Amino acid sequence: MDLKLSGRRVLITGGSKGIGAACARVFLAEGCSVVLVARDAARLAATASSLGSANRVTTHAADLSAAAERTALAAAFPDIDILVNNAGAIPAGGLLDLSMDTWEQAWALKVMGYIHLTQLYLAAMKDRGTGAIVNIIGGAGRSPRYDYICGGTGNAALMAFTGAVGGRSVEWGVRVFGINPAQTRTDRIISLSRTRAQIRFGDAERWEEMLTGLPLNRLIEPEEIANAAAFLSSPACGYVSGTVLDVDGGGAFRS
């Protein structure tokens with residue numbers, strides 16, 4: 001299926017691994033050029049090298065928890081057609097386990113980072129009358145749980161934000177929507193599972209016990225989220241805005 005994305009310029013935060021790197025592969029396969037953004041310059045370079053499309057891959061190392069670096073990013077790459085907000089790793093833990101500093105640091109990257117970059121790029125897209133912004137959020141915003149309270153609360157805020165902005169942005173020719181991945185095969189899911197195992201069992205090495213009973217008996221592959229992001233960003237889904245798609249194998253409806 002030709003998604004008619006060839007020539008589009010895509011900026012992907014959290015682009016050095018996991019879902020971000022998978023998005024880069026998919027958008028490159030569709031003929032796009034990509035800008036990968038993450039904190040670790042060496043890992044970014046390694047990811048870019050592995051993609052095999054050097055003339056269409058640019059990297060930019062930045063700490064997107066800092067407002068000044070978000071502003072600098074938008075100034076360095078103003079002509080972006082599709083923004084994929086994906087950076088952020090909110091730690092697991094209950095309310096009594098996490099300090100306020102932890103909440104503020106986690107939300108600075110994922111919650112405020114998404115909001116600020118959407119603001120910056122929406123303004124530029126509005127001026128051009130076209131564009132798409134994809135917020136990779138997370139299923140915990142739909143099904144909050146105490147042992148991931150910081151992440152679930154932040155995700156719920158981003159879901160509300162996506163709906164509010166996506167409902168208005170279409171007036172300017174810009175679509176804003178989100179994707180809620182359930183448990184996806186990334187380094188992050190192992191880290192979260194280790195934390196949950198430590199909380200539940202007192203033993204982080206029992207992390208695999210936290211990943212039982214999955215829909216289809218498996219984790220989501222990062223490419224499945226990336227494929228959804230590309231499809232929803234394309235003219236084939238040109239009427240989608242404000243929506244947050246749950247990719248959870250029907251998990252929300254399982255008893």
Side-chain angles (χ1 to χ4, degrees), residues 10-20 23 35-41 44 60-78 80 82-95 97-126 131-142 144-145 148-169 172 174-181 186 188 191-192 195 225 229 241-244:
V10 185
L11 189 145
I12 304 166
T13 71
S16 65
K17 59 183 179 178
I19 291 172
C23 284
V35 179
L36 303 181
V37 186
R39 291 175 177 173
D40 189 328
L44 275 173
H60 180 86
D63 178 0
L64 295 181
S65 66
E69 297 209 25
R70 298 191 292 263
T71 301
L73 173 66
F77 303 98
I80 295 298
I82 300 168
L83 167 65
V84 181
N85 277 317
N86 175 68
I90 297 180
L95 181 61
D97 305 312
L98 304 173
S99 69
M100 285 296 99
D101 282 345
T102 298
W103 280 74
E104 291 174 7
Q105 290 167 14
W107 281 26
L109 178 57
K110 185 165 186 182
V111 181
M112 295 309 299
Y114 280 34
I115 291 170
H116 191 192
L117 284 177
T118 297
Q119 182 187 61
L120 291 167
Y121 278 101
L122 179 60
M125 292 175 180
K126 178 183 176 183
I133 296 174
V134 190
N135 291 326
I136 308 295
I137 304 174
R142 191 85 72 190
R145 49 189 291 174
Y148 189 52
I149 192 168
C150 184
T153 305
N155 288 352
L158 289 173
M159 288 168 59
F161 170 77
T162 298
V165 177
R168 176 59 63 87
S169 65
W172 311 317
V174 182
R175 297 186 298 113
V176 180
F177 53 87
I179 299 174
N180 277 343
T186 63
R188 173 154 173 71
S191 175
L192 282 174
T195 300
I225 303 303
S241 191
T243 297
V244 179

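As the structure is a prediction and not an experimental result, all values here were calculated from the model.
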Can you name the nearest heavy-atom pair linking Y114 to I136, along with the distance? OH-O, 2.6 Å
Look at the side chain of S241 and the backbone N and O of G167, then say whether any donor-acceptor pair between them is shorter than 3.5 Å. no
So do the side chains of D40 and K17 get within less than 4.5 Å of each other, counting heavy atoms only? no
Measuring from atom CG of L44 to atom CG of L36, what distance do you get when rounded to the nearest 0.5 angstrom? 6.5 Å
Please answer whether the main-chain N or O of C150 pairs with a side-chain N or O of W107 as donor and acceptor at a distance below 3.5 Å. yes
Under a 4.5 Å cut-off applied to non-hydrogen side-chain atoms, are T195 and P91 in contact? no
Stepwise, does the side-chain contact (heavy atoms from CB on, under 4.5 Å) test hold for F77 with V37? CA-CA 11 Å; F77 303 98; V37 186; 5.8 Å; no
What is the distance from atom CD1 of I90 to atom CG of N155, rounded to the nearest 0.5 Å? 6.0 Å
Just how far is it from atom OG of S65 to atom NZ of K110, taken to the nearest 0.5 Å? 14.5 Å
So how far is it from E104 CD to M112 CE, rounded to the nearest 0.5 Å? 11.5 Å
Is a side-chain donor or acceptor of R39 paired with a backbone partner of D63 at a separation under 3.5 angstrom? no
Which heavy-atom pair separates V174 from A132 by the least distance, and what is that distance? CG1-N, 4.4 Å
Nearest 0.5 Å please: distance from the CG atom of L64 over to the OG1 atom of T13. 6.0 Å
Tell me, do I115 and L158 make a side-chain contact under 4.5 Å, heavy atoms counted? yes
Considering non-hydrogen atoms only, spot the tightest contact between Y148 and A140 and give its length. CD2-CB, 3.5 Å
Name the one of I82, N85, V176, I12 that satisfies side chain to side chain contact (heavy atoms under 4.5 Å, CB included) with V134? I82
Would you say that L11 contacts Y121 through its side chain, given a criterion of any heavy-atom pair below 4.5 Å between the two side chains? yes
Verify, without hydrogens or angle tests, whether N86 (side chain) and G14 (backbone) share a donor-acceptor contact under 3.5 angstrom. yes
Answer yes if the side chains of N135 and T162 hold a donor-acceptor pair under 3.5 Å, and no otherwise. yes
Quick one: pull up NE2 in H60 and CD in E69 and give me the separation to the nearest 0.5 Å. 7.0 Å
Taking the side chain as every heavy atom from C-beta outward, state whether L83 and L120 have any pair of such atoms under 4.5 Å apart. no
Scanning both residues in full, the closest heavy-atom pair of G94 with I149 reads C-CG2, 3.8 Å
Which heavy atom in P181 sits nearest to a heavy atom in I225, and how many Å separate them? CB-CD1, 3.7 Å
What one should report as the nearest heavy-atom pair of M159 and G141 is SD-C, 3.6 Å
